[in-house]
Amino acid sequence: MDTRPNSAEARDIRYHMHAYTNARKHQETGPLVIEKGDGVYVEDTAGNRYIEAMAGLWSVAVGFSEKRLVNAATKQMSKLPFYHDFGSKAHAPLIDLAEKLVQMAPVPMSKAYFTNSGSEANDTAIKMIWYRSNALGEHARKKIISRTRGYHGVTIASASLTGLPNNHLSFDLPIANILHTSTPHHWRDAQPGESEEQFSTRLAADLENLILAEGPETIAAFIGEPIMGAGGVIVPPAGYWEKIQTVLSKYGILLVADEVICGFGRTGEMFGSQTFNIKPDIIVLSKQISSSYLPISALLINDSVFEPIADESDRIGTFGHGFTGGGHPVAAAVALENIKLIEERDLVGNARKVGAHLQAKLRRLASHPLVGEVRGVGLIAAVELVADKASKAPWGKPAALGTLVNGFLQQNGVISRNMGDAIAFCPPLIITEAQIDTLVDAFERSLDAALPQVHPQG
C-alpha cells in the first residue's frame, strides 16, 4: 500500500467508508485501488494485473473494456440524458428494453418494472406482493418465505429476505412477516446416507410444515435464487425445485425467482430458471443486465401479479411507488446493447462450454487436503475449504481458511471472494479456456501455499 499522505490509498482511508468491509481493519490495511480494466482483467495503481474471477460483483458479463457499451451510453447521453416513467411518461430505450425482457423471459410474463439495483428490485417485489394481496382482499396474506443463506439485497426489506447473519446483526433485522426455511446444501446438511432426492423431499416437507404452522392463508410468496450466490454458490440438489414448486402450488403461493446473479447466461442458459425448470410469477433481474456498466434492474411480473395491482391502482388512483433513476434512459440503452452482445457472441454458449471446462478443472482439485466440496454450474462455481475432509471441520474460526487462501490467490494474480470458507468463481462470460487454466492453476498454488499453515506437521 502506498503510505504517502496524499496517496489514493491514504485518502481512501481518510474519506471513504466501504461496503462489506471491516471498517476498523480497513484503516490499517487500506484499499486495493483498481485503475483500469481490459477484458477479463483489471489492473491496480501499482501496475499489477489480475484475472477478475468474480466479474466484479458477479456481474460484468462482457468484460471490463467493451467499447460498444461505452458508445451506447455516449449516444444516449447526447440525445436524452435523463427522463423518468412517472405519470405515464416513457422514452424509447425503456420501451425497447421492457419489450425485449418480456419477450425473452423463460416463462410468460406481462410487464417489466424498472429499478436501480437488485436490492431495490426485491424491495419492490415485496411491496408489489403486499399490494396485490390487499387488492385481492387477502389482507392476512403478507408473509414471505426466503431461505437461510439466501441473498436478496441490503435495503431494510431485502436484507430481511437475505438469510445471512451479518446482514441482520446490529441492524435490528429481519422485519416482521419475513420467514426463513432450510438451505438446500446437500453436502453440508444432508443426514447420513440421505440421497439428494431424499434431502429435497425433506426440505419440501420443512417448507410445507412452516406454511401449515404459520397458516397457508398468511403466506403470500416464496423467494429463491436458482443457484444461491453469496450464500456460497449452493447448487440445488436433484428434485429440489420440482418439489418446492409442488408445495407452493398446493397453497396458491407466488414464486419469486431472484435471477440477479443467474440471469443472462451465467448457468449456461439465458436464465437460471431454465436450468432448473422453475416457473416463477416474478423474476428479478440486475447485474449482468447491463454488465454493471450502469446501475439498472428490473422485475418481470406475470398477469396473475399485474392484473390485481392494476385494479388496485385504478381504485386508489395511482401505484404510489417509483424511483427517480428507475429505467434511466442511458442505463436502459446500455442494457439493450449488452443483451445484444450476449446474444450475438453466444456468450450463453460460451458459459456452457467454458463453464464445463471450469467445473472439470476445479473438480480435479477434489483430492487436495484442503478441499471439502467443489460445486457449480456453467460459469459459476465454489470450492468449500476444510481443515479435515472427514469431519468437514474448519481451520480455527469459520472463514479463517477462506480468507487465507483468498489472500494467496490475490497475490497470485486472481481476484476472487470467499464467502466464509467457500472460494467463489464467477468470471466474465467472455473468458476463454486458456484463461480458466491460468485461474485454476493460480488457485491450486494458493491452496498449496496455505497447506503448511493449516497442517504444519504435513
Side-chain angles (χ1 to χ4, degrees), residues 1-60 63-65 116-120 151 153-156 158-159 162 164-173 229-232 286-287 291-295 325 385 395-428 439 442-443 446 449-450 453:
M1 184 182 78
D2 190 337
T3 57
R4 291 175 298 173
N6 203 38
S7 68
E9 290 83 356
R11 288 184 294 117
D12 180 90
I13 291 171
R14 190 176 304 126
Y15 298 115
H16 180 200
M17 182 172 177
H18 285 251
Y20 275 91
T21 299
N22 180 329
R24 194 62 71 201
K25 185 177 181 181
H26 180 75
Q27 292 177 315
E28 301 171 4
T29 62
L32 175 69
V33 181
I34 300 300
E35 182 80 7
K36 59 184 177 180
D38 177 23
V40 302
Y41 299 93
V42 294
E43 188 174 307
D44 67 21
T45 50
N48 299 308
R49 188 171 162 90
Y50 308 88
I51 292 178
E52 226 306 349
M54 287 300 295
L57 283 174
W58 322 83
S59 55
V60 183
F64 291 85
S65 54
N116 301 288
S117 68
S119 295
E120 284 185 3
Y151 186 88
V154 294
T155 59
I156 289 173
S158 66
T162 293
L164 298 170
N166 286 342
N167 292 92
H168 295 167
L169 293 171
S170 296
F171 290 116
D172 292 345
L173 297 175
S286 190
K287 295 190 183 290
S291 283
S292 289
Y293 276 46
L294 285 172
L385 306 178
W395 177 58
K397 293 182 178 179
L401 182 52
T403 301
L404 177 68
V405 171
N406 197 44
F408 284 124
L409 190 56
Q410 185 167 301
Q411 292 174 26
N412 285 321
V414 175
I415 292 177
S416 183
R417 183 179 177 188
N418 67 292
M419 289 90 63
D421 287 314
I423 304 291
F425 298 100
C426 186
L439 185 163
F443 179 56
S446 302
Q453 292 190 42

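These values consider heavy atoms only, across backbone and side chains, with no hydrogens, waters or symmetry-generated copies.
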>> Working to the nearest 0.5 angstrom, can you tell me the gap between Leu385 CG and Asn418 CG?
In response: 8.5 Å
>> Measuring from atom CD1 of Ile415 to atom CG of Asp44, what distance do you get when rounded to the nearest 0.5 angstrom?
In response: 8.0 Å
> By side-chain hydrogen bond (donor to acceptor under 3.5 Å, both in side chains), which residues pair with Thr155, not counting sequence neighbours?
Replying inline: Asp123, Ser158
> If you look at every heavy atom in Asp421 and Gly402, which pair is closest and at what distance?
Replying inline: OD1-N, 2.8 Å
>> Would you compute the distance between atom CD of Glu43 and atom CD of Glu35 and round it to the nearest 0.5 angstrom?
In response: 8.0 Å
> If we only count heavy atoms from C-beta on, is the Phe408 to Gln453 side-chain gap below 4.5 Å?
Replying inline: yes
> Would you call Asn406 and Leu409 a side-chain contact if the rule is heavy atoms closer than 4.5 Å?
Replying inline: yes
> What is the minimum heavy-atom distance between Ala450 and Val405, and which atoms define it?
Replying inline: CB-CG2, 3.7 Å
> Nearest 0.5 Å, what's the CD1-CZ distance between Ile51 and Phe425?
Replying inline: 10.5 Å
> Would you say His168's side chain and Ala159's backbone share a donor-acceptor pair under 3.5 angstrom?
Replying inline: yes
> Checking Thr21 side chain against Ala19 main chain: does a donor-acceptor pair fall under 3.5 Å?
Replying inline: yes
>> For a quick test of reading the model, state the closest non-hydrogen atom pair linking Ala55 to Pro427 and the distance between them.
In response: CB-C, 3.8 Å
>> Take a 6.0 Å sphere around CZ of Arg14 and say whether it holds more than 12 heavy atoms from other residues, nucleotides or ligands.
In response: yes
> How far does CG of Asp38 sit from CD of Glu52, to the nearest 0.5 angstrom?
Replying inline: 13.5 Å
> When Pro31 is tested against each of Ile34, Thr29, Val33 for side chain to side chain contact (heavy atoms under 4.5 Å, CB included), which residue passes?
Replying inline: Val33
> How would you list, by chain and number, every residue that makes a side-chain hydrogen bond (donor to acceptor under 3.5 Å, both in side chains) with Asn116, sequence neighbours excluded?
Replying inline: Glu120
>> Taking the side chain as everything from C-beta on, heavy atoms only, tell me whether Val154 gets closer than 4.5 Å to Thr162.
In response: no
>> Treating Asp12 as the side-chain partner and His16 as the backbone partner, does any N or O pair qualify as donor plus acceptor under 3.5 Å?
In response: no
>> For Tyr15, is the OH atom crowded, meaning more than 12 foreign heavy atoms sit under 6.0 Å from it?
In response: no
>> Classify the ring geometry of Tyr151 against Tyr20: parallel below 30°, tilted from 30° to 60°, perpendicular beyond 60°.
In response: tilted
> Under 3.5 Å, is there a donor-acceptor pair linking the side chains of Asn412 and Ser446?
Replying inline: yes
>> Tell me if the CG atom of Asp172 is crowded by more than 12 foreign heavy atoms within 6.0 Å.
In response: no
>> Using side-chain contact (heavy atoms from CB on, under 4.5 Å), reason through Gln410 and Leu32 one step at a time and then give a plain yes or no.
In response: CA-CA 10 Å; Gln410 185 167 301; Leu32 175 69; 3.7 Å; yes
> Do you know which two heavy atoms are closest between Tyr293 and Ser65, and how far apart they sit?
Replying inline: OH-N, 3.3 Å
>> Return the CD to NE2 distance between Glu9 and His26, rounded to the nearest 0.5 Å.
In response: 9.5 Å
> Which heavy-atom pair separates Ala10 from Arg4 by the least distance, and what is that distance?
Replying inline: CB-O, 3.3 Å
> Taking all atoms of both residues into account, what is the closest heavy-atom pair of Ser286 and Gly118, and its distance?
Replying inline: OG-N, 3.5 Å
